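What follows is a set of notes on a single structure, which appears directly below.
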Amino acid sequence: MPLEPEAVEPVAEQKAVYPELIERLRKAGATEVSSLDYSKSGMDVDAQVTPQSLCAVASILKHGHFSLETLVGVDRQPEFEVLYLFKADNEGPRVKLRAKTDRETATLPTLTNVYGGADWYEREVFDMFGVNFIDHPHLRPLLLPHFTKFHPLRKDFHGAPIVIPEDTVEIPELDVQAATKLGQSTGLRSDFFLNMGPQHPSTHGVLRILLHVEGETILGGRCHLGYSHRGTEKLAEKKQYVQFLPYTDRMDYLSPLNYNWGFARLLETATGIESTPRAEVLRVIMCELSRIASHLVWLGTYLLDLGAITPFLYCFEDRERILTIFERATGQRMTTSYIVAGGVRNDVYSTFSLEISELMRDMRKRLVEYDKLVIGNEIFLMRTDKVGIISPELAIEYGVSGPCLRGSGVDYDARRDEPYCELYKELEWKVPFETGGDCLSRSRVRMAELEQSVNLVEQALLKLEDGPVRSKVPKIFKVPAGEYYSVTEGPRGIIGWYLIADGSQIPYRLKVRVPSFANLQTVEQLMPGTRVADVVSILGSLDVIIPEIDR
Amino acid sequence: MSIFDILLRIVLAFTAVITFVTLNALFLVWLERKVSAVIQNRMGPTEVGPFGLLQTFADALKLLGKEMITPKSVDQYVFLLAPIIAFLPAPLLIAAIPIAEGVGVSDLNVGALYLLAISNIALLGILMAGWSSNNKYSLLGALRAVAQNISYEIPMLLAVLAVVLMAGSLKLSEIVKAQETIPYILLQPVAFLIYFICSIAESNRTPFDLPEAESELVAGYHTEFTGMRFALFFLAEYTQVFVLAAIVTLFFLGGWNGPLLHPIVWFMLKTYLVVFVVMWLRWTYPRLRSDQLMNFNWRVLLPLAIVNLLVSTVLFRGTVG
Amino acid sequence: MSESLQSTSHEEAGADTDHIPPIVQFLPLQKALDLARANSLWPLTFGIACCAIEMMAASASRYDADRFGAGVFRNSPRQADLMIVAGTVNLKMAPIIKRLYDQMPSPKWVIALGSCAICGGPFDQDDNYAVLQGVEKIVPVDIFVPGCPPRPEALLHAILELQERIKSGSTNATRA
């Protein structure tokens with residue numbers, strides 16, 4: 001694996017730190033600190049914290065430049081537990097903090113003072129489990145309508161009648177006030193609120209942003225999510241592992257294969273099933289194609305946001321060619337359900353390699369064109385340069401991942417830094433990154449990634465040898481009791497799956513850590529002081545998928 | 001001339017102009033869709049009529065038959081008047097444009113001034129539309145339109161002034177006559193560029209389409225307008241594109257001057273060529289941001305226009321009688 | 001037309017009691033109007049989930065809905081004729097879809113694209129608390145397009161089918 005030398009050093013350093021880290025966590029008040037086997041559970045350090053010591057322990061991690069990956073709420077019956085998953089840079093340890101609270105009080109201290117990125121995660125846990133986070137600046141329902149009385153992910157919740165609510169169009173006064181809070185630093189005053197979405201051409205789905213504006217200058221803004229919430233995590237607790245696979249397609253419909261792979265890898269981590277060599281190559285080919293398709297949609301829609309309509313159609317035409325290959329190989333254009341535990345579902349057709357190598361040849365030419373015509377366009381540069389700067393600190397605090405993180409100068413890519421596929425280490429490619437942190441840097445990273453993906457596909461095609469595409473998988477698929485975490489790199493960033501299994505065919509709790517969630521959360525920090533047109537530019541450069549966030 | 005003759009002339013002229021405005025706009029919309037289709041590797045409308053030529057007629061007829069919604073919270077009278085006022089300059093402008101020697105409704109002796117003055121009435125319509133809609137997107141769109149149009153007006157006038165200076169007349173046919181030997185685009189290339197850029201900005205086309213920036217402001221100032229009212233804005237916009245192309249033709253491309261072909265054919269050819277370029281730009285470029293738009297005008301175009309005017313005053317001092 | 005929205009099924013919504021008074025009374029003109037309407041279906045730019053991407057694909061170069069006059073996507077509901085509900089409708093979204101539908105000028109049509117919009121699709125299962133069981137509970141639907149997601153050709157077929165129905169005057173909106 002051609003790891004860059006500077007990337008290797010901190011890794012070795014971090015590995016040595018573990019005992020020290022455990023010691024420090026203990027000192028800060030964590031009880032029952034233990035180290036875990038990464039290859040089996042996907043976590044390195046596990047620490048139980050009391051509500052009183054939570055913030056102190058988290059501060060230790062913050063000083064160690066850990067980023068908050070996600071919060072997982074669990075109904076342990078009777079008490080609730082909230083898991084805080086942290087990750088250090090590159091191959092550093094992953095730390096899990098566990099905080100318990102009993103069912104009646106259901107309160108925990110907020111982590112927002114330490115990690116700003118905890119904001120939405122805590123609101124989600126509040127939504128789903130009814131856990132109150134004391135001193136949270138804006139503890140309002142995030143995904144569910146504001147008048148909802150139930151907490152769906154509690155184990156004693158068994159569905160609610162589907163009654164069309166009277167009104168979710170008006171934004172409650174409390175939420176309107178919250179939009180003004182963020183803008184106080186700009187020093188301007190205004191009573192003008194602009195509601196963007198859920199039906200708005202540039203919110204990429206049903207995102208809603210309440211903007212507080214003075215003229216065209218934005219003082220602050222609040223995102224309102226949940227317009228595409230489908231209760232997938234609750235569904236997971238009712239579905240067998242194999243039955244849940246199709247739902248992973250529908251979370252991020254632009255790169256379903258990457259989600260398939262993430263889920264398959266989770267099951268492989270948990271059960272110890274290994275996939276076959278041919279399947280691994282197919283996975284890399286398909287996922288990189290999927291990444292190309294996804295980035296092409298980003299490029300097209302981003303330019304659409306900036307007012308240029310034509311690139312969109314060219315990108316979609318290129319994407320159509322990839323989808324045609326997907327359709328022939330998997331049977332579906334978008335919802336593929338192709339990558340399963342133990343390999344891939346079926347072998348590919350005979351002209352698979354030929355078609356792809358032809359496509360990749362054309363793609364190279366097209367990428368040069370896109371680079372010249374689109375990314376080199378003067379107006380494009382004006383609209384993206386120095387707009388929406390995510391500093392590396394902000395990126396780490398909010399758990400930003402994927403091209404957005406690499407656009408901020410943090411060199412982390414799960415394909416390289418997580419040992420989830422040996423093939424990525426054998427192939428020759430590099431992780432592009434830029435240091436600007438603005439929309440332009442993110443765009444450039446994606447353009448470079450397109451090129452790298454073409455590289456990867458072309459090399460992987462040469463490695464495609466005959467053999468079985470799926471190893472033996474038991475007919476009745478059961479996962480041994482335990483807790484597992486697995487991470488893969490999607491086109492938007494880290495896709496993490498956290499599974500709590502009880503030994504049956506059905507997950508006890510399945511949580512998806514979606515990249516767009518964390519990426520979008522930064523937008524509230526980026527907006528103040530920009531202009532209305534910049535919001536569109538920033539949103540487009542973050543490349544969010546709303547159903548993935550809402551789940 | 002008796003009063004009946006005058007009345008008849010007015011009626012005839014009015015009918016001719018309105019017919020031309022409508023047919024021209026319908027044709028331009030069709031052209032735009034076809035041009036965009038060619039640029040985007042598509043077919044564009046094909047099903048309605050030959051080459052989809054009747055597509056825009058279907059659209060227009062449909063818009064005629066649509067329910068006209070007047071939302072409760074709008075400013076009733078202003079809301080009703082806005083599309084009419086926005087459409088008003090369209091026939092007025094067409095009426096003043098000579099398409100060949102002596103062909104045209106009226107060849108005013110202050111034609112150039114008239115065209116520039118009248119075309120700004122549409123802005124009032126846009127402002128009224130944005131204000132009365134009681135919709136924040138409309139308001140933002142209208143404010144953008146006003147700021148943009150007023151700013152770009154200044155370098156545009158200065159560019160036209162350079163041309164008028166050379167021709168020595170405000171009468172359009174005189175200006176064309178002055179270009180019999182050499183069109184002004186060769187003598188006044190800077191003025192041409194300034195005028196072309198400004199007029200694209202004036203007609204709110206990409207890359208200056210901020211007032212109706214679809215991806216930001218939903219539909220801009222006409223967000224709340226339905227059916228025929230919306231169609232009037234549409235008609236006005238496309239007529240404005242035609243007028244801008246016609247003015248470019250008259251001022252810079254030598255009007256109807258040209259060998260072999262009939263003057264009217266020459267005029268139309270040149271005008272539609274300019275229209276095509278405008279469409280080409282629209283389907284190629286992204287959109288500027290409002291502050292960048294203003295900077296470009298006040299920091300680049302305006303100084304350039306002033307310098308151009310000064311230079312041409314010095315250079316062409318002798319040519320004007 | 002707006003009164004009809006309170007009804008829960010599209011059967012009732014198209015019932016004889018509430019129709020749009022024809023603007024032009026003559027039959028040939030009515031026919032011409034129907035023909036124009038059929039050939040100029042401007043959809044609302046409005047996607048919710050997966051199906052929205054296929055809707056975009058249907059308007060992109062390979063499938064090009066503009067050929068049939070259905071390629072002018074309008075962002076403002078005030079200028080749209082056709083609402084393509086592309087994706088899962090949940091309870092938080094439902095009132096907004098209803099409002100968008102109300103904001104469209106009649107005559108207007110709805111296509112339910114994909115199984116989620118038809119019946120809640122794979123998300124309407126035990127313990128469902130969020131997903132609406134079909135968009136026809138809130139707006140009258142003319143054409144249902146099955147698939148998860150349907151292919152762009154399916155959407156084009158739906159548009160053509162809708163055109164036929166408009167021409168023959170047998171849709172929810174034009175049934176008099």
Side-chain angles (χ1 to χ4, degrees), chain A residues 190-197 199-204 210-218 300-318 320 373-387 439 443 530-537 539-540, chain B residues 32-33 35-44 130 133-148 197 200-201 204-220 223 279-296 299-300:
Chain A
S190 163
D191 300 328
F192 195 74
F193 289 92
L194 189 66
N195 174 47
M196 219 168 133
Q199 186 263 331
H200 187 281
S202 315
T203 49
H204 295 257
L210 188 66
L211 297 172
H212 183 207
V213 291
E214 157 72 36
E216 289 236 359
T217 311
I218 289 167
T301 49
Y302 190 31
L303 265 294
L304 205 58
D305 293 346
L306 297 181
I309 299 157
T310 303
F312 165 79
L313 289 116
Y314 281 83
C315 293
F316 255 68
E317 181 49 36
D318 286 348
E320 280 298 331
L373 288 175
V374 178
I375 307 295
N377 183 301
E378 190 67 28
I379 300 177
F380 180 85
L381 293 175
M382 283 167 83
R383 287 294 303 276
T384 54
D385 196 17
K386 307 267 186 310
V387 172
C439 296
S443 309
T530 58
R531 288 168 167 271
V532 175
D534 287 335
V535 172
V536 171
S537 179
L539 266 181
Chain B
E32 172 113 57
R33 282 168 83 166
V35 166
S36 74
V38 170
I39 290 176
Q40 296 166 347
N41 270 348
R42 295 188 292 124
M43 311 261 296
S133 292
N134 204 1
N135 176 321
K136 288 165 183 174
Y137 287 117
S138 306
L139 185 61
L140 275 180
L143 294 182
R144 281 180 178 192
V146 171
Q148 171 180 332
I197 293 171
I200 292 174
N204 305 332
R205 305 273 304 184
T206 312
F208 308 105
D209 60 340
L210 289 93
E212 40 188 321
E214 298 231 319
S215 55
E216 293 154 29
L217 301 182
V218 183
T223 304
M279 287 175 179
W280 189 6
L281 287 176
R282 167 160 182 196
W283 298 103
T284 310
Y285 278 115
R287 181 186 307 120
L288 285 165
R289 206 173 56 202
S290 47
D291 55 328
Q292 293 164 347
L293 180 96
M294 288 297 164
N295 280 346
F296 180 62
R299 293 199 184 151
V300 181

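The structure presented is a predicted model; accordingly, all values stated were derived computationally and were not measured. Naming convention: chains lettered A, B, ... in sequence-line order (proteins, then strands); numbering from 1 in each chain.
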What's the separation between atom [atom1] in [X] and atom [atom2] in [Y], rounded to the nearest 0.5 Å?
X: A:Met196; Y: B:Tyr137; atom1: CE; atom2: OH; answer: 6.0 Å
X: B:Asp291; Y: A:Arg531; atom1: CG; atom2: CZ; answer: 4.0 Å
X: A:Tyr314; Y: B:Ile39; atom1: OH; atom2: CD1; answer: 8.0 Å
X: A:Met382; Y: B:Asn295; atom1: CE; atom2: CG; answer: 7.5 Å
X: A:Thr310; Y: B:Trp280; atom1: OG1; atom2: CH2; answer: 12.5 Å
X: B:Gln292; Y: A:Glu378; atom1: CD; atom2: CD; answer: 10.0 Å

Structural part of B:Thr284 lying under 4.5 Å from a heavy atom of chain A: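 When you check distances to chain A, only backbone atoms of B:Thr284 fall under 4.5 Å.
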Closest-packed option against chain B by number of heavy-atom pairs under 4.5 Å, given A:Val532, A:Ile379, A:Asn377: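 Ranked by contacts with chain B, first place is A:Ile379.
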Among the listed options A:Leu306, A:Val535, A:Leu303, the residue most often paired with chain B at heavy-atom distances under 4.5 Å: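 Maximum pair count with chain B is reached by A:Leu306.
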Flag, side chain of B:Arg289 to backbone of A:Arg383, donor-acceptor distance under 3.5 Å: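 Judged by distance alone, no pair lies under 3.5 Å.
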Side-chain donor/acceptor of B:Tyr285 to backbone N/O of A:Gly307, under 3.5 Å: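 Such a contact is absent between B:Tyr285 side chain and A:Gly307 backbone.
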Atom of B:Lys136, atom of A:Phe193 and distance for their closest heavy-atom approach: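 So the two residues come closest at NZ-O, 2.6 Å.
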4.5 Å side-chain heavy-atom contact, A:Glu216 and B:Arg144: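 The answer is yes, as the side chains (C-beta and beyond) meet within the 4.5 Å cut-off.
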Neighbour count >12 (heavy atoms, 6.0 Å) for atom CE, B:Met294: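 Buried by this count: over 12 neighbours within 6.0 Å.
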